There are 2 protein chains.
Amino acid sequence: MAADDQPPPTGPRAEEEWLAAYDPRAYTPVAVTVDVVALTLRHGGLHVLLVERGAPPYQGCWALPGGFLRAGEESLDEAAARELAEETGLQSASEAETRLCRLHLEQLGTYGTPERDPRMHVVSVAYLAFAPDLPDPQAGTDAAAAAWHPVSDLDLRPCGRSRTAGVPADTHGGGVDGRTGPGPLTLAFDHARILADGLDRVRAKLEYSPLATAFLPYDFTIPDLRAVYEAVWDEKLHPGNFHRKVLSVPGFVESTGTTTERGGARGGPRARTYHAGDARLLHPALLRPAREGTADDDAADSTADDAGSR
Amino acid sequence: MAADDQPPPTGPRAEEEWLAAYDPRAYTPVAVTVDVVALTLRHGGLHVLLVERGAPPYQGCWALPGGFLRAGEESLDEAAARELAEETGLQSASEAETRLCRLHLEQLGTYGTPERDPRMHVVSVAYLAFAPDLPDPQAGTDAAAAAWHPVSDLDLRPCGRSRTAGVPADTHGGGVDGRTGPGPLTLAFDHARILADGLDRVRAKLEYSPLATAFLPYDFTIPDLRAVYEAVWDEKLHPGNFHRKVLSVPGFVESTGTTTERGGARGGPRARTYHAGDARLLHPALLRPAREGTADDDAADSTADDAGSR
DNA sequence: GTAATAGTGTCTTTAAGACAATATAAA
DNA sequence: TTTATATTGTCTTAAAGACACTATTAC
């Protein structure tokens, strides 16, 4: 269903309640927001876009960028794209087209426990975005501060166990590049959980989809692509086997016929360049090397999508 | 973020708007509902639970069971479980425990285009449920009628292209078992899309998760399990290879040491029985046979979850 | 008996992973 | 020259799929 049948206030289904469905202001409200887990690769490491909260709760804490769904005006996808454009500061149409056109945006999952926001019941639809190296976000637009943070600097443990709302995690002046913070940052609300789910998703998705290319510019080399996999999976891959394997998957990459201008920073021949092929699914998949300790204790289903077949 | 920063009405971020976030009744409302794609196996075929709408819009059409999120009272998961229990008529605590305890419930995705419900902006969080053969739903509880419909009888084309709201698809008296309908049924709202996404998800999930066992009673045979795969994938599988493969995946099934009482309906030896093992991910996966025509045109990412690794 | 099915064995092909080797470019 | 890296080759092992075979049960 979409909207009908018993409205929120419990009780038998009477006619007046039926009609009440047409005026939702009459009963307990729910807020709908959209949050974005935006990932990019900088200096060879995976980074996530965060904003610093300027007001309670969790004042001074970092949080995922997001905002209210504009009711009646936009879809969830549109709201996510809008929030991301606002928060990255890529607001001008030209820049947004240039930098965000290659952006991949997909729904991650929806989080809606009543107590996740102390003020009211908030249902947040989380999105996952991958983009090639983006510039530092322009402040002044929205949040107090926005910055790319290395994922490895964040505390992603199960939950914000100590819900001491508003404690500014001692790393206030972490700097705009987020790389000088002292200890692991804790995120506001249940954003650590959302980010963890997003990381699980992107790690899984690299296996059976060609989305690693969304982290790279239009033309790239096989070693570039390998660097994406190594950063996201946090594992070294065998260069030779990786190279052969990528080329063996139909539709993954297409040769441009040219090579890079220079060799690698530390020597080596010039690499050939490629761009993304037309495959939407990798066949066969690029399976992650089996981790011994992590045999079966992965999350088989935490929250949201896939629909990817193979 | 969860709830803060600019409230829906556009404009610069002023203090009064900030405070307005604490009284969401002040601006355009959004309704949050939860819809469930409940799948079960009956007579060897995949069936979905539908309810017949008793009021406009789409009066007389079939729709996914669902209802409003009870703001402040329950999480999304709880709302989905509640709706499913209500709609299947398994309301009594004992029955619900007996029949729904083995139920698998996971979030599918969230649908929120402004025009998906003609009355107002409704954001629907869709869930996917698998269960062993369930009884026919008890009417009288909620919707006008609820019934299991063979998935093959439904029209799942891209969209409800003819949005002629309220036309009762000529199959009004299709019967409670939903198997005597004349033509393919069309679903209300965007429920055809949601169902299609759910089917994509379950088909993909059988590959790398042991969830096929959620369609079966506690004890089952390998041929039972094969029947689940064949019904969901709509493909015949090689009995010998399937049998060996299932047994070769660690943690998929565990032998009970006994066999069925009788052989197959049409002859054959008694099969050994098993129950689900403790693996949460299949390793190696049971890959679907490659369809020639469907090489790459699957949906690589339509809407929501996974977080399943491999 | 006849027909159908459970379960196993074997073989071929494909893909993954471990190494090794060669060529090219930076310092 | 030295060192690092791109790219290709070879070999071993694991798994998928095709096919054949035996044993068991319903009718």
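Order of the sequence lines sets the chain letters (A, B, ...), proteins ahead of strands, with each chain counted from 1. Owing to the predicted nature of the structure, the values given are computational and were not obtained by experimental measurement.
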Atom pair CH2 (A/W148) and CG (A/L41), whose distance is rounded to the nearest 0.5 Å: 10.5 Å
Presence of B/R272 side-chain N/O under 4.0 Å of C/dT8 phosphate oxygens OP1/OP2: yes
From NE2 (B/H243) to CZ (B/R272), nearest 0.5 Å: 6.0 Å
Interatomic distance where CD belongs to B/E207 and C1' belongs to D/dA15 [whole Å]: 15 Å
Between OH on residue A/Y208 and CG on residue A/L206, distance to nearest 0.5 Å: 10.0 Å
Inter-residue atom distance A/H104.NE2 - A/F215.CZ, 0.5 Å rounding: 9.0 Å
Donor-acceptor side-chain pairing of B/T273 and B/T256 below 3.5 angstrom: yes
Degree of bending in the helix from C/dG1-D/dC27 to C/dA27-D/dT1 once both end axes are built from five pairs, to 10°: 20°
Closest to the B/P223 side chain, choosing from D/dT7, C/dA16, C/dA6: C/dA6
Closest to side chain of B/N241, choosing from C/dA16, D/dA18, C/dG17: D/dA18
Nearest-Å distance for atom pair CG/C1', residues B/L237 and D/dA18: 14 Å
Minimum side-chain heavy-atom gap A/F252-A/T213 below 4.5 Å: yes
Atom-pair distance (CZ on B/F220; P on C/dA6), nearest Å: 15 Å
Rounded distance in Å - CZ (A/R288) to P (C/dA15): 21 Å
No-hydrogen, no-angle side-chain donor-acceptor test under 3.5 Å, B/D224 and B/Y274: no
Presence of salt bridge, A/E230 and A/K236, under 4.0 angstrom: yes
Spacing of B/R226 atom CZ relative to C/dT5 atom P, expressed in whole Å: 9 Å
Whole-Å gap separating P (C/dT14) and CG (A/L282): 19 Å
Sugar-phosphate, base or nothing in reach of B/P239, heavy atoms under 4.0 Å: nothing
d(NZ, B/K245; C1', C/dA6) in whole Å: 20 Å
Under 4.0 angstrom between B/R244 side-chain N/O and D/dA14 OP1 or OP2: no
Between D/dA15 (C1') and B/F242 (CZ): distance, integer Å: 16 Å
Could you write out each protein N or O paired with an N or O of nucleotides 24-27 of chain D at a distance under 3.5 Å?
unit_1	atom_1	unit_2	atom_2	d
D/dT24	O2	B/P269	N	3.3
D/dT25	OP1	B/R270	NE	3.1
D/dT25	OP1	B/R270	NH2	3.4
D/dT25	O4'	B/G268	O	2.9
D/dT25	O2	B/G268	N	2.7
D/dA26	OP1	B/R262	NH1	3.2
D/dA26	O4'	B/G267	N	3.3
D/dA26	O3'	B/A265	O	3.3

Minimum heavy-atom distance between B/I222 and B/F242, given as atom pair plus value: O-CE2, 3.8 Å
Short side-chain N/O contact to C/dT8 OP1/OP2 from B/H243, under 4.0 Å: yes
